[in-house]
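In what follows, every heavy atom counts, from backbone to side chain, and hydrogens, waters and symmetry copies are set aside. Model, not experiment: these values are computed from the prediction.
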Amino acid sequence: MRTFSLLSSRSVCADLGARLKRLRLAQNLSQQQLAQMTQSSLSSVRRLESQGQGGFEFVVRVAQALQVVDQFDGLFALSVGSIAQAEREQALASRQRARVPRLVSRSAGPLKPAA
């Protein structure tokens, strides 16, 4: 396995595309068969395998067709190393959007909008 953190986004995509191709071939499927299974075009499958380019939903459909969608379980999951991190993760799960940072002057207190 390569360390993705050291690669450019283009290299990560190309590496994942190559992995999908190897997985497809290991299952003895043609690109055309995979395109039919995912209800997509042959060119979309070719572009995904050769360049790693494709929409997220398409990638999920390919993973489902190749029966590896369970490997997404850890994708974008917060890693929890302590009880405090677990409590923060639980609190974040109920949030709907990011907080807007407050403008604060260190000497005069919070800034008030002009009327």
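- Qualifying side-chain contact (heavy atoms from CB on, under 4.5 Å) partners for Ser41, counting only residues two or more places apart in sequence or in other chains: Ser43, Ser44.
- Taking every heavy atom of both residues into account, Met37 and Leu29 meet most closely at SD-CD1, 4.0 Å.
- Closest of all the heavy-atom pairs between Leu34 and Arg24 is CD2-CD, 3.8 Å.
- Here the SG atom belonging to Cys13 is positioned 9.0 Å from the CZ atom belonging to Phe4, to the nearest 0.5 angstrom.
- Pairing each heavy atom of Val45 with each of Ser40, the nearest pair is CG2-OG, 4.0 Å.
- In terms of hydrophobic clustering, with Ile, Leu, Val, Met, Phe, Trp and Tyr side chains grouped at heavy-atom distances under 4.5 Å, Leu25 and Leu48 are assigned to different clusters.
- The list of salt bridge (Lys or Arg N to Asp or Glu O under 4.0 Å) pairs with a residue in residues 25-47, not counting sequence neighbours, is empty.
- Residue Leu23 holds its CG atom at 10.0 Å from CD of Glu49, rounded to the nearest 0.5 Å.
- Residues Phe56 and Phe58 are members of one and the same hydrophobic cluster, defined by side-chain heavy-atom contacts under 4.5 angstrom among Ile, Leu, Val, Met, Phe, Trp and Tyr.
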Could you give the side-chain donor-acceptor pairs of residues 61-77 under 3.5 Å, partners two or more places apart or in another chain?
{"unit_1": "Arg61", "atom_1": "NE", "unit_2": "Thr38", "atom_2": "O", "d": "2.8"}
{"unit_1": "Arg61", "atom_1": "NH2", "unit_2": "Thr38", "atom_2": "O", "d": "3.3"}

